[in-house]
Enquirer: 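To start, I am sharing the structure in question, which I have written as structure tokens.
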Protein chains: 2
Amino acid sequence: MTLGQKIKELREQAGLKQRELAYQLGIGEGFLSKVENDQKPLKREDLTKLNELFKIPIEELESLWLANKLYSIVRDEESALTALKVAEEQVKYKSLKNA
Amino acid sequence: MTLGQKIKELREQAGLKQRELAYQLGIGEGFLSKVENDQKPLKREDLTKLNELFKIPIEELESLWLANKLYSIVRDEESALTALKVAEEQVKYKSLKNA
DNA sequence: TAATTTTGACCAAATTTAGACAAGTACAAA
DNA sequence: TTTGTACTTGTCTAAATTTGGTCAAAATTA
């Protein structure tokens, strides 16, 4: 599940057109379409608006947003999976150290 | 193991001073110091030079380089680990689809 | 055919990258 | 104590890249 998919899902459940949600977010409908298809990242601050509109936990939105960013970096990389795992190790090691 | 740590290790095993390796790479010693301490990323093309100099597989260098990039993004993030895992899922899903 | 969504081309503004350079530290050795 | 060597760190910068879109045209769906 990507952020774009999530947004589309929430929007449709709420019975909104792209133009309507776009208006709520203060962006154009073309841009929202790209966001829903994960072709453009949403501004991070706008997650708050989604949280308010759809009552979805901000943590979930943040993770999905961040994941999209990571994915856009490793998408075309041979070593994508290895790199992700190495990064994971580093995160775990850091949290150990700071515990 | 980070890229910086790896470079430092390789350099020391080869008995080189920072200034010497820096010269080989065409950068200043101050910059190399930061690279070894993961405070600055190395230019990606320079991995080839490391590969030639130290006979270390380019794939390993690439993974470490990419991992550093990822880590620098999630380093201060609450949802670092979750996001990494979500991104991993996306990578796996994609490779399934393209198989 | 009409409404909705997607796509491609383009853009200014903000941010990041890839360093230089000088000053500061650490630690031997003289 | 001074000096030398190696390394680290802070500040600064131009150039490249990314961000965050717009708008019109094309495609899709109802």
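In what follows, every chain begins at residue 1, and chains take the letters A, B, ... in the order their sequences are listed. Values below: all heavy atoms of this structure, side chains included; hydrogens, waters and symmetry mates excluded.
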Enquirer: Starting at atom CD of B:Gln18, determine the distance to atom C1' of D:dG4, rounded to an integer number of angstrom.
Expert: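 Atom-to-atom, B:Gln18 to D:dG4, this comes out as 16 Å.
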Enquirer: Once you round it to whole Å, what is the distance between P of D:dC7 and CD of B:Gln5?
Expert: 17 Å
Enquirer: Indicate whether OP1 or OP2 belonging to D:dA16 is found under 4.0 Å from a side-chain N or O atom of B:Arg44.
Expert: no
Enquirer: Taking only Lys NZ, Arg NE, NH1 and NH2, and the carboxylate oxygens of Asp or Glu, determine whether A:Lys85 and A:Glu89 approach each other closer than 4.0 Å.
Expert: no
Enquirer: Mind calculating the distance between CG (A:Leu21) and P (C:dT6) to the nearest angstrom?
Expert: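 After rounding, the reported distance stands at 12 Å.
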Enquirer: With a 4.0 Å heavy-atom cut-off, tell me which residues in residues 23-42 of chain A come close to DNA chain D, sorted by residue number.
Expert: A:Ile27, A:Gly28, A:Phe31, A:Lys34, A:Lys40
Enquirer: Flag the pair A:Leu21 / A:Leu53 as yes when at least one side-chain heavy-atom distance between them is below 4.5 Å, and no otherwise.
Expert: yes
Enquirer: Would you kindly confirm whether A:Met1 and A:Leu47 end up in one hydrophobic cluster when ILVMFWY residues are joined by side chain heavy atoms under 4.5 Å apart?
Expert: no
Enquirer: Can you tell if the side chain of B:Leu42 reaches within under 4.5 Å of the side chain of B:Leu32, non-hydrogen atoms only?
Expert: no
Enquirer: Among pairs that include at least one residue of residues 23-41 of chain B, which meet salt bridge (charged side-chain N to carboxylate O under 4.0 Å, His left out), considering only residues two or more places apart or in two chains?
Expert: B:Arg11-B:Glu36, B:Arg19-B:Glu29
Enquirer: Which whole-number value in Å describes the distance from A:Asn68 CG to D:dT18 C1'?
Expert: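 Roughly 16 Å, once rounded to whole Å.
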Enquirer: DNA chain D: B:Lys8 or B:Lys69, which has the more 5' nearest nucleotide?
Expert: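 Taking each residue's closest nucleotide, the earlier one in sequence belongs to B:Lys8.
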Enquirer: Is there a side-chain contact between A:Lys43 and the phosphate of D:dG21, meaning an N or O under 4.0 Å from OP1 or OP2?
Expert: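 Looking at the OP1 and OP2 atoms of D:dG21, one of them is under 4.0 Å from a side-chain N or O of A:Lys43.
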Enquirer: So if I take every side-chain heavy atom of B:Arg19 and compare against D:dA6, D:dG20, D:dC7, which nucleotide ends up nearest?
Expert: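 Side chain of B:Arg19 sits closest to D:dA6.
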Enquirer: Kindly indicate, with the supporting measurements, whether the criterion side chain to side chain contact (heavy atoms under 4.5 Å, CB included) is fulfilled by B:Lys6 and B:Glu60.
Expert: CA-CA 10 Å; B:Lys6 191 77 196 174; B:Glu60 187 178 345; 3.5 Å; yes
